[in-house]
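Below is one structure, written out as structure tokens; the observations come after it.
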Amino acid sequence: MSGGRKSEFEGFTAEERAAMKEHAAERKKAARRGSAAQKAAEAERDVLAKIAEMEGDDRVMAERVHAVVTGRAPQLAPRLWYGMPAYALDGKVVCFFQSAAKFKARYATLGFNDAARLDEGSMWPTAFALTEVTPEVEEQIAALVKQAVG
């Protein structure tokens, strides 16, 4: 193309590259031999360790999200996904917690992937900003997770 237009794309950010590297390491680790029970226990330990690494509000919110998701939807398996705590059904990530610090964002996010059954009409939210996890927010998360695994 001509016209002297300069592309704005300068590649992935350092945070995005780090997330991709974490994902590659997670996939490599998951491919190791071992029983399904051993892999599940290790995956949950990895999620809890990742949450423990978080600071301040991110850690508090991630702990509450983890408790709500595992308590209300025990069929979801905790695992890391791009370095974030995530919860999968039959190997597919249904929902995940993204700390604000992960991508230097203003707020943490509770996100849902295609495997989540949140379909409602022609348009529905798949990510929710979190600034605090109150008892009311916990109930909203529980309802979303319940609908997601329908």
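The structure displayed is predicted, hence computed values, not measured ones.
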Take Leu89 and Gln75 through the test side-chain contact (heavy atoms from CB on, under 4.5 Å) and record every step on the way to the result. CA-CA 7 Å; Leu89 182 63; Gln75 67 270 43; 4.0 Å; yes

Using a 3.5 Å cut-off and no angle test, enumerate the donor-acceptor pairs between side-chain atoms of residues 107-114 and protein atoms at least two apart in sequence or in another chain.
none

Identify all side-chain donor-acceptor contacts of residues 63-72 below 3.5 Å with residues at least two apart in sequence or on another chain.
from, atom 1, to, atom 2, distance (Å)
Arg64, NE, Glu138, OE2, 2.6
Arg64, NH2, Glu138, OE1, 3.3
Arg64, NH2, Glu138, OE2, 3.1
His66, ND1, Tyr87, OH, 2.8
His66, NE2, Glu44, OE2, 3.4
Thr70, OG1, His66, O, 2.7
Arg72, NH2, Glu139, OE2, 3.0

As an exercise, state the distance from CD of Glu16 to NZ of Lys102, rounded to the nearest 0.5 Å.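 Nearest 0.5 Å value for the CD-NZ distance: 11.0 Å.
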
About how many Å separate CG of Leu130 and CD of Gln98, when rounded to the nearest 0.5 Å?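 It is 10.5 Å, given to the nearest 0.5 Å.
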
May I have the list of side-chain donor-acceptor pairs in residues 76-85 shorter than 3.5 Å, sequence neighbours left out?
from, atom 1, to, atom 2, distance (Å)
Arg79, NH1, Gly91, O, 3.2

Heavy-atom closest contact ([X] atom, [Y] atom, distance):
| X | Y | answer |
| --- | --- | --- |
| Ala115 | Val94 | CB-CG2, 4.1 Å |
| Asp58 | Ala101 | OD2-N, 3.1 Å |
| Val133 | Met61 | CG2-CG, 3.6 Å |

Test of understanding: with salt bridge (charged side-chain N to carboxylate O under 4.0 Å, His left out), list the residues that count as partners of Glu26, not counting sequence neighbours.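 Applying salt bridge (charged side-chain N to carboxylate O under 4.0 Å, His left out) to Glu26 gives none.
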
Under the salt bridge (charged side-chain N to carboxylate O under 4.0 Å, His left out) test, which residues partner Asp46, sequence neighbours left out?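 So Asp46 forms a salt bridge (charged side-chain N to carboxylate O under 4.0 Å, His left out) with Lys29.
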
Checking side-chain polar atoms at under 3.5 Å, does Glu136 have a donor or acceptor matched by the opposite partner on Thr134?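 There is such a pair (donor and acceptor under 3.5 Å, judged by atom type) between the side chains of Glu136 and Thr134.
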
Cluster check Phe96, Phe128: I/L/V/M/F/W/Y, side chain < 4.5 angstrom: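 No, separate clusters.
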
Atom CD of Glu120: over 12 foreign heavy atoms under 6.0 Å: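 Incorrect, the count does not exceed 12.
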
Could you list the donor-acceptor pairs under 3.5 angstrom formed by side chains in residues 141-150, with sequence neighbours left out?
none

Lys/Arg N to Asp/Glu carboxylate O, Glu42 vs Lys39, below 4.0 Å: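 Salt bridge: no.
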
